[in-house]
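Every chain is numbered from 1 and lettered A, B, ... according to where its sequence line falls, protein lines coming before strand lines.
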Number of protein chains: 2
Amino acid sequence: MARAVPETHGEILAAAARRFAVTGYKGTSLQDIARAVGCSKATVLYHFANKEALLSELMAPAIAVLEALDARLAGTTGATAQEIAGEGFVDLAVRFRRQIALLRGEFPDLLQQPAFAHVQQISERLIAAFAGNSDRPSARIAALVVLAGIAETCAEFIDIPDEELRPALLAVVRRALEPVT
Amino acid sequence: MARAVPETHGEILAAAARRFAVTGYKGTSLQDIARAVGCSKATVLYHFANKEALLSELMAPAIAVLEALDARLAGTTGATAQEIAGEGFVDLAVRFRRQIALLRGEFPDLLQQPAFAHVQQISERLIAAFAGNSDRPSARIAALVVLAGIAETCAEFIDIPDEELRPALLAVVRRALEPVT
DNA sequence: TCAGGCGCTGACCGATCGGTCAGGCATGCT
DNA sequence: AGCATGCCTGACCGATCGGTCAGCGCCTGA
C-alpha cells in the first residue's frame, strides 16, 4: 500500500501560482508562499530545489503551448502568419492568464533563466509574424503594441470568463495589425 | 557670489532615470545609483529624503502632463474623447518613455504611493475615453489593449526617434479602437 | 583669522531575502 | 522490536535592502 501521502507539493504549487499572479515573481517571497500554504519556508524548499525550480514547474505548460505555436508558425508569411499568430497567441494568453500575470515587468529578467532559454527567440518570431514578416518599423511597432497589449490585458482581466475575453481580443488584433501590402 | 556648487543633485536624478528605466524601481538599489554617479549611497540620501522622493521628482513632469490631458478630456464623449485620448496619450508616452519604462510591472504597487494619488483615477478615465465612454466589455478590452500596448512599446523602443514612433502608434490606435456606434 | 555650514562619507542598523542543515516525528518494512 | 525512510521544522547563514548618524574637509562671510 502506498503511504497516505500529503499533497503538499501540489498545494505549494497552487499557492505559488496565486501569489505570483498577484505580487509577481520577485515580489513574492518563499515566506509568503509558505504562509499561504500553512507550512514552513523550509518545507517549500524541501519540495522544490529553489525558487527558480518553482517558477519553472509553474511555467512549463504555458511554454509547451508557446513552442507548439512557434512550430505552427514556421514557414508561414504575410496575412497567414498574422492570422495564426493572432489566434494562437490570444488563445494562449487567455488560457494561461495567471502565468502571464506573474511575468509582468519581470519578463526581461526572467528570460535570463535557463527555463526560458528559447522564449526570447520565440517571442521575436511571434512579433515578426504579427508584423506579417514585414520589416517596416510601423508594422513592427503595431505588432509589439498588440502583443504587449494582449498580455497585459489578460493579466488585468483575470476573472472574466474566457468566452467573453477571447473574441474581444481577437477583434482588436484583426483591426489593429497593419494589413500586409 | 554663489558658491561653485556641484551638480550632484542633477547627476543623481539623471543616473536614477537611466537605471530605473532599465531595471525598474524596485530592481534598482540606491547603491546602484550611487555607483553610476560615482558617489556614496549616503550622498544619494543626502540629496533626497528617501528612495520614494527620488521617484516622485522623476515622475513629476510626466504626471503634470497626464493631469493636463485628463483636464482636456473632461466633458468629451464618443469619437471626440477617443481622438483626444489617443493623440494625447501617444504624445505623452513618447515624450516620457523613460518614466514609463520604470513603471513596468510595478504600476499597481507604485500607485499606492502618495505621489501617485490621482493617477489611478486618471488612468481609469483614460480607458473610458479610449472606449469612447462605452460600457461594452469589448470596448473596454480594446481600450486596455491599446493603452497597455502603447506604454510597453514606448518602454521597449527607447532609442528610435520620436518622429518615427509617434505616427506609427497613432495609426495603430486609430485602427484598433472600437468605432463608436 | 576663524566660526559655521555645506557637501559628502564610512560605519553601522534592523529587516528581509533565498538557501542550508541537523534533527524530530511518524510511518512502513523486516 | 528495531531500523530505515519520508516529511517536515526551527535555527541559522551570508548577502542585500533602505535608511541613520557622527564626523570629516573645505569654502565662505564676517
Side-chain angles (χ1 to χ4, degrees), chain A residues 1-20 22-59 102-103 105-106 109-116, chain B residues 1-20 22-59 102-106 109-110 112-116:
Chain A
M1 274 283 287
R3 190 190 296 219
V5 69
E7 295 174 0
T8 316
H9 188 95
E11 288 176 25
I12 291 172
L13 211 52
R18 270 178 271 121
R19 299 297 304 152
F20 282 156
V22 176
T23 46
Y25 177 70
K26 277 190 302 183
T28 304
S29 70
L30 297 177
Q31 196 70 258
D32 288 336
I33 298 169
R35 196 178 305 121
V37 175
C39 69
S40 73
K41 186 182 68 169
T43 300
V44 174
L45 287 161
Y46 169 77
H47 285 279
F48 299 88
N50 47 42
K51 198 183 181 185
E52 188 187 327
L54 194 46
L55 177 65
S56 297
E57 197 163 321
L58 223 39
M59 296 299 292
L102 75 86
L103 293 176
E106 308 178 30
D109 294 349
L110 295 179
L111 279 185
Q112 309 298 346
Q113 302 196 186
F116 301 99
Chain B
M1 274 285 286
R3 190 191 295 220
V5 69
E7 295 174 0
T8 317
H9 187 96
E11 288 176 26
I12 292 172
L13 212 52
R18 269 178 272 121
R19 299 297 304 150
F20 281 157
V22 175
T23 46
Y25 177 70
K26 277 190 303 184
T28 304
S29 69
L30 296 178
Q31 196 69 258
D32 288 336
I33 298 169
R35 196 179 305 120
V37 175
C39 69
S40 74
K41 187 182 67 169
T43 299
V44 174
L45 287 160
Y46 169 77
H47 286 279
F48 299 89
N50 47 43
K51 197 183 181 185
E52 188 186 327
L54 194 46
L55 177 66
S56 296
E57 196 163 324
L58 224 39
M59 296 299 292
L102 75 85
L103 293 176
R104 278 208 266 193
E106 309 178 30
D109 294 350
L110 295 180
Q112 309 297 345
Q113 301 195 186
F116 302 99

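- Here the C1' atom of nucleotide C:dC17 and the CD atom of A:E52 are 16 Å apart, to the nearest Å.
- Atom NE2 in B:H9 sits roughly 16 Å away from atom P in C:dC6 (whole-Å rounding).
- Side-chain contact check for B:M59 versus B:L102: some heavy-atom pair is nearer than 4.5 Å.
- For D:dC7, the OP1/OP2 oxygens have no side-chain nitrogen or oxygen of A:T8 closer than 4.0 Å.
- Contact check for A:H47 versus A:T43: side-chain heavy atoms found under the 4.5 Å cut-off.
- Side-chain proximity of B:A42 to C:dC17, C:dC8, D:dT20: nearest is D:dT20.
- Close to C:dT16, at under 4.0 Å from its OP1 or OP2, lies no side-chain N or O of A:S29.
- Between the C1' atom of C:dG7 and the CD atom of B:E7 lies a distance of 14 Å, rounded to the nearest Å.
- For DNA chain D, the neighbouring residues in residues 43-51 of chain B, judged by any heavy atom under 4.0 Å, are B:L45, B:N50, B:K51.
- With B:V44 as the partner, the side chain to side chain contact (heavy atoms under 4.5 Å, CB included) test is satisfied by one option alone out of B:L30, B:D32, B:T8: B:L30.
- Across the protein-nucleic acid pair, A:L55 atom CG and C:dG18 atom C1' stand 14 Å apart, rounded to whole Å.
- Applying the side-chain hydrogen bond (donor to acceptor under 3.5 Å, both in side chains) criterion to B:N50, with sequence neighbours excluded, gives no partner residue.
- Remark: C1' of D:dA15 and NZ of A:K26 are 16 Å apart, rounded to the nearest angstrom.
- The distance between atom NZ of A:K41 and atom C1' of D:dC13, rounded to the nearest whole Å, is 10 Å.
- Of the possible donor and acceptor atoms, one in the side chain of A:E106 sits under 3.5 Å from a partner among the backbone N and O of A:K26.
- Taking atom CD of residue A:Q31 and atom P of nucleotide D:dC17, one finds them 20 Å apart after rounding to whole Å.
- Between B:A34 and B:K41, the shortest heavy-atom contact is CB-N, 3.6 Å.
- With a 4.5 Å cut-off on side-chain heavy atoms, B:Y46 and B:I12 do not count as touching.
- Here C:dC12 presents its P atom at 20 Å from CG of B:L30, a figure rounded to the nearest Å.
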